[in-house]
2 protein chains.
Amino acid sequence: MSRSTAQPSARATTQEVILDAAEEVFADSGFHGATTRAIAECAQANAALIHYYFGSKEALFEAVFARRSEAINEERRARLAALHDADAVTLEAILDALLRPTVSLGRDPERGGAHYARLLVHVASGTDERSRRMTGERYNAIARQFIAEILATVPGLSRGDAVRGYMNAIAIGMSLMAPTGRTEDLSEGALSDRDLDAIISGAVRFIAAGIYALAAPGGGGGAADTLPGPTP
Amino acid sequence: MSRSTAQPSARATTQEVILDAAEEVFADSGFHGATTRAIAECAQANAALIHYYFGSKEALFEAVFARRSEAINEERRARLAALHDADAVTLEAILDALLRPTVSLGRDPERGGAHYARLLVHVASGTDERSRRMTGERYNAIARQFIAEILATVPGLSRGDAVRGYMNAIAIGMSLMAPTGRTEDLSEGALSDRDLDAIISGAVRFIAAGIYALAAPGGGGGAADTLPGPTP
DNA sequence: GTCTATAGTTCGATAGAC
DNA sequence: GTCTATCGAACTATAGAC
């Protein structure tokens with residue numbers, strides 16, 4: 001049960017040290033499983049300072065969740081803008097711009113966002129009122145932007161199917177951000193641990209093909225035809 | 001904060017009533033957020049009975065998680081066997097057999113498994129040691145079976161890509177099981193609430209197209225080619 | 001700003017009557 | 001099997017010295 005006593009930068013304010021520690025402990029144990037004492041210990045700070053700086057455990061949790069969200073979405077917007085500037089807007093490029101800023105959190109050591117990646121999975125998959133509100137507040141605006149981009153790029157796609165495609169992309173992205181160890185267990189060595197680019201491009205290829213399938217005639221809108229024939 | 005005081009069948013043992021209540025409260029609040037007192041209140045039973053029947057909160061949690069897992073996987077196996085008997089094995093049919101028993105939990109009122117659906121999402125997306133162990137114990141054997149079926153059905157698919165395809169299918173299935181309300185928020189009425197068959201067949205079509213894309217030449221194995229061209 | 005000390009709850013678990 | 005009563009521990013939060 002040792003913890004890494006997070007100290008990313010040499011010059012960090014006490015607030016930042018607490019935020020770093022809280023990010024790690026909340027990611028490990030969730031909101032209810034984490035304790036302010038464990039966070040203080042991880043930060044090597046006094047437990048009372050958490051309330052001095054943040055007021056409550058709840059407020060600290062929301063501060064941790066909000067801290068990296070704007071940087072993530074700003075990077076997404078910048079990547080989208082770069083695509084438009086270069087006139088290189090394709091569905092695959094849009095999905096890359098959506099997934100790379102979050103998926104790289106857990107797999108690019110230089111970003112130092114592995115703890116936030118786990119926390120984001122925890123909150124975004126939560127069905128309680130706080131999780132739903134926090135996810136919506138920080139990530140619904142960017143979601144609508146990406147849905148609009150997908151809709152404008154794929155001919156014949158309905159708005160409903162664009163939403164389904166976006167939600168499926170997020171679902172796959174989250175499974176890439178959650179280090180459950182399940183992929184490694186199931187692959188039994190057959191899945192060489194590919195690098196970040198290979199992982200993202202594989203996911204992008206998968207999702208793009210899925211979205212194109214929804215846009216194809218008889219794709220997503222209709223009911224029935226429960227067992228369509230193979231389309232190889 | 002009212003709760004439904006779950007009483008599914010008229011004749012239910014106290015053990016079953018406690019299991020039903022625990023399923024609901026654990027699904028709502030997670031392991032740490034739930035309390036044995038809240039479970040007892042939901043079950044309209046005495047709090048001490050939880051320890052009399054199950055020994056500890058931890059053991060109750062594992063009993064709840066295990067209870068429906070065998071029925072789910074037995075249904076999956078039966079659906080697979082029926083496909084082989086009818087000589088109707090296609091990738092789409094395999095994915096239907098994988099997803100329907102879980103996705104229908106939350107959307108088919110007659111099954112009464114909506115609470116378990118939320119709990120399963122909670123545990124399967126958790127990165128803590130207990131979540132990883134419980135998911136593996138109950139769902140890794142069936143996972144290997146489906147990976148083998150996918151591998152045998154899709155020509156040119158590597159084992160690693162079969163694992164990726166399976167994990168992507170599970171990720172999408174879990175997002176369909178978690179009632180976060182996000183799809184409804186983002187669709188703004190454009191997504192008519194389709195029935196269970198339409199939701200599953202749409203997901204199956206999406207995933208099958210993704211897996212076929214991994215099997216296509218240059219699909220999943222290679223590195224680089226970060227931004228592939230569109231393939232409409 | 002940082003610390004000690006502690007108030008006030010609430011938790012999981014158990015003992016023992018019936 | 002079911003209940004009441006309660007223990008000891010852990011929790012969030014705060015008061016107040018420095």
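Letters A, B, ... mirror the listed sequences (proteins, then strands); counts begin at 1.
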Next item on the list: Would you kindly give the NE2-to-C1' distance between B:His32 and D:dA10, to the nearest whole Å?
Entry: 12 Å
Next item on the list: Mark up nucleotides 1-7 of chain D, 5' to 3', with B wherever a protein heavy atom is under 4.0 angstrom from a base atom, S wherever such an atom reaches only the sugar-phosphate, and - elsewhere.
Entry: BBBB-B-
Check: NA contact type, A:Ala40, heavy-atom cut-off 4.0 Å: base, sugar-phosphate, or nothing?
Finding: nothing
Margin query: What's B:Ala59 touching, base or sugar-phosphate or nothing? Going by heavy atoms closer than 4.0 Å.
Written below: nothing
Check: Under a 4.5 Å cut-off applied to non-hydrogen side-chain atoms, are B:Thr135 and A:Thr180 in contact?
Finding: no
Item checked: Rounded distance in Å - NZ (A:Lys57) to C1' (D:dC11) -> 8 Å
Notebook entry, point to check: Is a side-chain donor or acceptor of A:Asp128 paired with a backbone partner of A:Val123 at a separation under 3.5 angstrom?
Noted result: no
Note to self: Does C:dA13 have its OP1 or OP2 closer than 4.0 Å to a side-chain nitrogen or oxygen of B:His51?
What the structure shows: yes
Check: Over how many whole Å does the gap from B:Glu41 atom CD to C:dG12 atom P extend?
Finding: 13 Å
Notebook entry, point to check: Are B:Arg107 and B:Val103 close enough that some pair of their side-chain heavy atoms sits under 4.5 Å apart?
Noted result: yes
Margin query: Output the rounded distance in Å from CZ (A:Phe31) to P (D:dC11).
Written below: 14 Å
Checklist line | cation_pi(A:Arg130, A:Phe31) dist<6.0 Å, angle<=45 | finding: yes
Next item on the list: For residues B:Leu105 and B:Ile72, determine if any side-chain heavy atom of one lies less than 4.5 Å from a side-chain heavy atom of the other.
Entry: yes
Notebook entry, point to check: Any chance the side chains of A:Asn140 and B:Arg182 put a donor and an acceptor closer than 3.5 Å?
Noted result: yes
